Amino acid sequence: MTATPSPLQRLRTVLDDAVLAVTGGERPKSAPTLERPKQAAHGDYATNAAMLLPKIVGAAPPMIAERLSVALSEHLGDDLLGIDVAGPGFMNLRLSDAWLIAALADVLAAGDDYGAAGATQAGTAESVHLEFVSNNPTGPVHIGGARGAAFGSALANLLVFHGHRVHREYYVNDHGNQVALFGASLQARARGEEPPEEGYQGEYVTEVASRITDAATRPVDEVALEGIALMVAAQKASLEAFRTTFDQWFSERSLHQSHDGQPSKVDEAFAVLAEQGRTYEQDGALFLRTTDSGDDKDRVIVRADGRPTYFSSDVAYHHDKRVRGYDRIINVLGADHHGYVARIEAAFVALGGTKEQIELLITQFVNLFENGERARMSKRAGEFVALDDLVADIGVDAARWYLLARSHDTTIDLDLAEAREQSAENPVYYVQYAHARIKSILARADAGETTAAREDDAVKETAIQSSERELLLALLAWPDEVAEAADRRAPHRLATYALSLARGYSAFYRDCPVLAADLPDDVRARRIDLCRATAQVLAGALGVLGVTAPERM
RNA sequence: GCGCCCGUAGCUCAGCUGGAUAGAGCGUCGGUCUACGGAACCGAAGGUCAAAGGUUCGAAUCCUUUCGGGCGCGCCA
């Protein structure tokens, strides 16, 4: 991982120095922005620095802007072509071609590490426990799990790229009623009977039952456990095909087991809670005082008859996560579990954690339509849409893109028929196409090829053209995009970025020949470098999303 | 009733810890084809950012209320 600051970071340092020079050492409350303005006419970068300082400096923004301009000019010298002060006090910077070319060289020198490890550089890298999917092991991974898988795996990739250490974990609910119900359903199918009314009705039940020897006659709990094991293996395969892997599959059942006379994890957690005075008995049941931390009501963890509730598993699980010692714990939950956020946070705090340490991210629903009709997703009814079906239908790349291009916090309406028919129009192919096209050009360049010259004096011009400049500035924004996306747990931002970068490349490709025979050597070299850098960043963005960056299509 | 999420172009969605004239894809309409991959490119139409107040130099973004939609409110898991 590179430790050298990116071109934009260096520019920020210069701006920071200029601010300190003008204020006499005092910093504004919020750091000044240094961003590309919406309109290219406003220059290469714009900063709001002058508008943040009136109270500190005791002058109006335009006046401050003038002073900042002087300081910036001194620092940047010839690299700075000019500064305009506009509007309420924005400063628009224009940078020299030499600065841009040097920046491009930096991007290429950093290679695949360009944009990586921002958290490491900033000293904010953390060890992260990331739990996601945690689909019930009584059926295949369904569409909700697919969204959780896409989001969780991309978030993991993103956090790792940004410099964090991530442990990916899947929580297997292999304990309790549903396991018994699954066993009963399997056995019924093995006997050629209908499953219990509240049992699992899907066709896969019969199929799984057929793979369990003597399922019709063996004790039902053995059948259940074997069935669960088969389902977990099937889920693992589905998820791996979906480019989603885990460092650990954590068994809920293991929380209730004790070894060699040692207390179970559940007992351990209960002991901690009792010690902290977080539990109390009422009507014979044991309650956890979750209202201490904002829950609506206290929650039962042991019923009056002595059986622990499902929530007790969650309590024990989070106790275990906590003692394993991560800086941060992130749970990705489906929308139907948002009601549990308060109690899980409360349990975590009761166990000795802090609210800042734990994040519960809710992925909203995916509404699937098939020819305008709502596709059913009830697993118990067996009419769910499985991850495998989605992948078989529209492919891994398109499926991941569709699920990742939008914020995890917004509901997705996805018409399968439309996604299928329009697959060639899917933006993911546009991005991939740009990458493949660049690779093709680079292969030609490496082979020393040139293309016919055209009667066009413009290509003799050595100065950086506007679409080159736009593309390069977009590439320079990559580290910021990564940091922003990682800090906000928003991998979808990289999809948006990748799409706009691909568009930027298209404009460059339209305007600027790369291999034309009459190009000056330095222009040709610069444009090849731009192609290389673009391919590198596109591949990086797609890689984080778990989408392939093909050499050919 | 209470809680969480959402409401931005015809459709699907970005933009949201305040910044300049609110963007993209698809769809629609009209153009471009002998330089590197046409799975392309260019242009146009299309918006009271659900509504109303408030905060301030400035609000799609923050606060309040209202309306509309989704989901959740078990000693089920």
Side-chain angles (χ1 to χ4, degrees), chain A residues 30 33 35 37-39 41-42 46 48 51 54 60-61 86-90 92 136 138 173 175-179 181 198 252 282-287 294-297 299-305 307-311 313-314 334-342 362 364-365 367 402 405-407 409-415 418-419 422-430 432-434 436-445 449-456 459 487-488 490 492-493 495-497 499-500 503 506-507 509-519 527 531 552-553:
Chain A
S30 56
T33 58
E35 299 172 323
K38 284 177 193 164
Q39 294 170 67
H42 287 159
N48 66 349
M51 289 185 282
F90 287 102
N92 298 320
N136 276 330
T138 49
N173 296 127
H175 181 82
N177 286 350
Q178 59 184 357
V179 175
L181 206 48
E198 294 298 311
E252 179 189 357
Q282 187 181 303
D283 305 330
L286 187 65
F287 282 73
D295 197 6
D296 293 337
K297 50 187 280 194
R299 305 291 170 176
V300 174
I301 51 179
V302 182
R303 300 178 181 89
D305 64 9
R307 286 155 47 234
T309 61
Y310 173 78
F311 183 49
S313 296
D314 267 339
D336 51 341
H337 285 88
H338 76 257
Y340 300 86
V341 168
I362 306 297
Q364 294 300 325
F365 275 50
N367 295 318
Y402 263 92
R406 298 149 170 80
S407 163
D409 220 8
T410 195
T411 308
I412 295 178
D413 286 344
L414 175 55
D415 192 310
E418 187 181 305
Q422 295 188 348
S423 64
E425 298 297 325
N426 189 306
V428 68
Y429 295 116
Y430 180 86
Q432 290 183 316
Y433 180 76
R437 181 190 248 172
I438 296 169
K439 286 296 187 178
S440 165
I441 292 172
L442 289 174
R444 287 168 177 270
E449 281 186 39
T450 55
T451 56
R454 203 172 60 164
E455 312 255 335
D456 187 345
V459 302
D487 291 347
R488 296 167 68 152
H492 76 277
R493 286 178 157 260
T496 303
Y497 173 77
L499 189 56
S500 78
R503 283 184 62 80
S506 291
Y509 175 84
R510 178 189 71 233
D511 297 337
C512 302
V514 177
L515 304 175
D518 61 344
L519 280 180
R527 290 180 179 172
C531 288
R552 266 188 298 277
M553 295 176 71

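Worth saying up front: this structure is predicted, and the values here are computed from it rather than measured. Just so it is clear: chains get the letters A, B, ... in the order the sequence lines come, proteins before strands, and each one is counted from 1.
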### Message
Taking only the C1' atom of each, what is the distance from B:rC41 to B:rA35 in whole angstrom?
### Response
15 Å

### Message
Starting the side chain at C-beta, find the nucleotide from B:rC75, B:rG25, B:rC76 nearest to A:Val300.
### Response
B:rC75

### Query
How many Å lie between CG on A:Asp409 and C1' on B:rU17, as a whole number?
15 Å

#### Entry: Nucleotide B:rC57, atom P - distance to CZ of A:Phe90 in whole Å
15 Å

#### Entry: Pair partner, B:rU48 [Watson-Crick or wobble, under 3.5 Å]
none

### Message
From the set B:rC42, B:rG74, B:rG38, return the single nucleotide nearest to any side-chain atom of A:Arg510.
### Response
B:rC42

### Query
When the distance from CD1 of A:Ile362 to P of B:rC4 is rounded to whole Å, what number comes out?
13 Å

### Message
What's A:Ala507 touching, base or sugar-phosphate or nothing? Going by heavy atoms closer than 4.0 Å.
### Response
nothing

### B:rC62 to B:rU17 separation - C1' atoms, rounded to the nearest Å
9 Å

### Message
Need one value for A:Ser500: base, sugar-phosphate or nothing, where a base atom within 4.0 Å counts as base even if backbone is also close, heavy atoms only.
### Response
nothing

#### Entry: Nearest-angstrom distance from the residue atom CG of A:Asp413 to P of B:rG7
13 Å

### Query
Does A:Asn48 make a side-chain donor-acceptor contact with the base of B:rA20, cut-off 3.5 Å?
no

### Message
Please report the distance, rounded to the nearest Å, between CZ in A:Phe365 and C1' in B:rC71.
### Response
6 Å

### Query
Looking only at heavy atoms, which two atoms of A:Phe287 and A:Gln282 are closest? And how far apart?
CE1-O, 3.7 Å

### N/O donor-acceptor pair under 3.5 Å between A:Asn136 side chain and A:Thr138 backbone
no

### Query
So, is A:Arg303 near the phosphate of B:rA77, with a side-chain N or O under 4.0 Å from OP1 or OP2?
yes

### Query
With sugar-phosphate meaning primed atoms plus P, OP1 and OP2, does A:Asn173 contact a base, only sugar-phosphate, or nothing at under 4.0 Å between heavy atoms?
nothing

### Query
Which part of the nucleic acid, if any, lies within reach of A:Asp487 when heavy atoms closer than 4.0 Å are counted: base, sugar-phosphate only, or nothing?
nothing

#### Entry: Pairing of A:Arg303 and A:Asp305 as salt bridge, 4.0 angstrom limit
no

### Query
What is the nucleic acid contact for A:Thr496, judged by heavy atoms within less than 4.0 Å: base, sugar-phosphate only, or nothing?
sugar-phosphate

### Message
What contact category does A:Ile412 fall into here, base, sugar-phosphate, or nothing, at under 4.0 angstrom with non-hydrogen atoms?
### Response
sugar-phosphate

### Task
Indicate, with a heavy-atom threshold strictly under 4.0 Å, whether A:Ala335 touches base, sugar-phosphate, or nothing.
sugar-phosphate

### Query
Rounding to the closest angstrom, what is the interatomic distance between B:rG10 and B:rU28 at atom C1'?
9 Å

### Query
Which part of the nucleic acid does A:Asp296 contact within heavy-atom distance under 4.0 Å: base, sugar-phosphate only, or nothing?
nothing

### Message
Donor-acceptor pair, distance only, cut-off 3.5 Å: does the side chain of A:Asp283 make one with the backbone of A:Ala285?
### Response
no

### Query
Looking only at side-chain N and O atoms, does A:Lys297 come under 4.0 Å of OP1 or OP2 in B:rC75?
yes

### Task
Could you check whether A:Arg503 gets within reach of a base, just the sugar-phosphate, or nothing at all, counting any heavy atom under 4.0 Å?
sugar-phosphate

### Query
For the base of B:rC71, is there a side-chain donor-acceptor partner from A:Tyr340 under 3.5 Å away?
no

### Query
Given the P atoms of B:rG47 and B:rC11, what is the spacing between them in whole Å?
12 Å

#### Entry: Whole-angstrom distance between B:rA52 and B:rG70, as gauged at atom C1'
24 Å

### Message
With rounding to the closest Å, how many angstrom separate the P atoms on B:rG3 and B:rA14?
### Response
26 Å

### Query
With rounding to whole Å, what would you report as the distance between B:rA44 and B:rC2 at their P atoms?
49 Å

#### Entry: Separation of B:rG19 P from A:His42 NE2 (nearest whole Å)
16 Å

### Query
Counting any heavy atom closer than 4.0 Å, what does A:Ala342 reach on the DNA or RNA strands: base, sugar-phosphate only, or nothing?
nothing

### Query
Rounded to the nearest Å, what distance is computed from the OH atom of residue A:Tyr433 to the P atom of nucleotide B:rG25?
16 Å

### Query
Within the pair A:Ser506 and B:rC41, is there a side-chain N or O less than 4.0 Å away from OP1 or OP2?
yes

### Message
Using a heavy-atom cut-off of 4.0 Å across all strands, would you classify A:Phe311 as base, sugar-phosphate, or nothing?
### Response
nothing

### Task
Tell me what A:Ala495 touches on the nucleic acid: a base, only sugar-phosphate, or nothing, going by heavy atoms under 4.0 Å.
nothing

### Whether A:Gln178 side chain and A:Asn173 backbone form a donor-acceptor pair below 3.5 Å
yes

### Query
Counting just side-chain N and O atoms, does A:Thr451 come under 4.0 Å of either OP1 or OP2 of B:rA35?
no

## Note on the structure
Whole-Å distance, A:Tyr497 OH to B:rG25 C1', equals 19 Å

### Donor-acceptor pair present, A:His338 side chain and B:rG3 base, under 3.5 Å
yes

#### Entry: Watson-Crick or G-U wobble partner of B:rG25, both distances under 3.5 Å
B:rC11

### Message
In whole Å, measure the gap between the P atoms of B:rA45 and B:rC33 for me.
### Response
23 Å

